Structures are given as C-alpha cells and as structure tokens.
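Computed from a predicted model, the values in this text were never measured in an experiment.
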Amino acid sequence: MNLHNALGFALVGLAMRVLPLIFPSLIEVGGPEGTRALWLWLMSWVMWGLTAWGVAGAAWEYRQMWLGTFGSEIARAERRREVLASGSRTVRVAQG
C-alpha cells in the first residue's frame, strides 16, 4: 500500500463515520444507534487503522531521508553489513 492508497482509505473511513450522522434515515429506522451505523462506525476505525499502517510504512521507507543519514556513519555501517552479508570477499569502504 502506498501513501495515496492510505489517504483514500482515510477518506472512505471518514465517509463511513459521517454517513450515519448526515443521513440517519438511510442507515436504519432506529437512527444512528442501529446495527448498520455501528458496523459503519467499526469499519471506519478499521479503515483508519489501515491508513495508519500505510502512513507508518511510508514513514519507515523514507526514514533515512527525513533523518538526514544518507552520508552518515549509520548509512555506511548498513552498506558495509549488506556487503558482508552478500558473501563478497573484497570489501571496499570509502574513507572520509
């Protein structure tokens, strides 16, 4: 799921949350306290949970850019670990 999909899920969840309040006669005879309204309320939370998952995934993906660690020692150590894990016998590490 990318960030655009997550925002789409947020909008659908918002619509599910607001629908029973705006159109209570379309949801159920009992008004916004009925079973259908409860299902929409619960599903809105599920949609918002999926949105949070998608945004957290995007944040994790771009964490290095946001933290500014592209040229730091952390990034070099990660690259060094990747090279060692790949089984390469020669390891060239740039100094500086």
Side-chain angles (χ1 to χ4, degrees):
M1 172 185 298
N2 61 23
L3 192 56
H4 293 230
N5 293 347
L7 295 177
F9 272 75
L11 289 175
V12 171
L14 180 65
M16 288 180 160
R17 181 76 172 134
V18 174
L19 186 65
L21 301 174
I22 295 175
F23 302 109
S25 62
L26 293 177
I27 299 303
E28 200 165 312
V29 175
E33 302 86 27
T35 308
R36 292 178 189 165
L38 180 63
W39 183 84
L40 287 172
W41 178 80
L42 179 66
M43 289 308 294
S44 73
W45 281 104
V46 169
M47 294 296 238
W48 288 342
L50 290 171
T51 299
W53 184 268
V55 170
W60 183 258
E61 184 179 335
Y62 295 110
R63 72 190 182 284
Q64 285 185 341
M65 182 177 65
W66 290 348
L67 295 175
T69 59
F70 276 123
S72 71
E73 290 297 323
I74 296 171
R76 286 191 202 124
E78 287 179 8
R79 286 192 298 265
R80 195 175 303 129
R81 252 185 258 121
E82 289 173 4
V83 169
L84 291 174
S86 69
S88 176
R89 294 189 180 256
T90 59
V91 177
R92 298 178 71 182
V93 178
Q95 298 294 326

Quiz item: For the atom pair CH2 (Trp41) and CE (Met16), what is the distance rounded to the nearest 0.5 Å?
Solution: 14.0 Å

Practice problem: Quick one: list whatever passes side chain to side chain contact (heavy atoms under 4.5 Å, CB included) with Leu19, sequence neighbours left out. | Solution: Phe23, Ile27, Leu40

Quiz item: Taking atom CG of Leu11 and atom CE of Met47, what is their separation to the nearest 0.5 Å?
Solution: 10.0 Å

Quiz item: Linking I/L/V/M/F/W/Y whenever any side-chain heavy atoms sit under 4.5 Å apart, do Leu50 and Trp45 land together?
Solution: yes

Practice problem: Write down the atom of Leu14, the atom of Trp48, and the distance for their closest heavy-atom approach. | Solution: N-NE1, 3.5 Å

Quiz item: Cluster question for you: counting only ILVMFWY and a side-chain heavy-atom cut-off of under 4.5 Å, with indirect links fine, are Phe9 and Val18 together?
Solution: yes

Exercise. Could you tell me which non-hydrogen atom of Gly54 sits nearest to which non-hydrogen atom of Ala6, and how far apart they are?
Key: CA-CB, 4.1 Å

Quiz item: Which distance, rounded to the nearest 0.5 Å, do you find between the OG of Ser44 and the CH2 of Trp39?
Solution: 10.0 Å

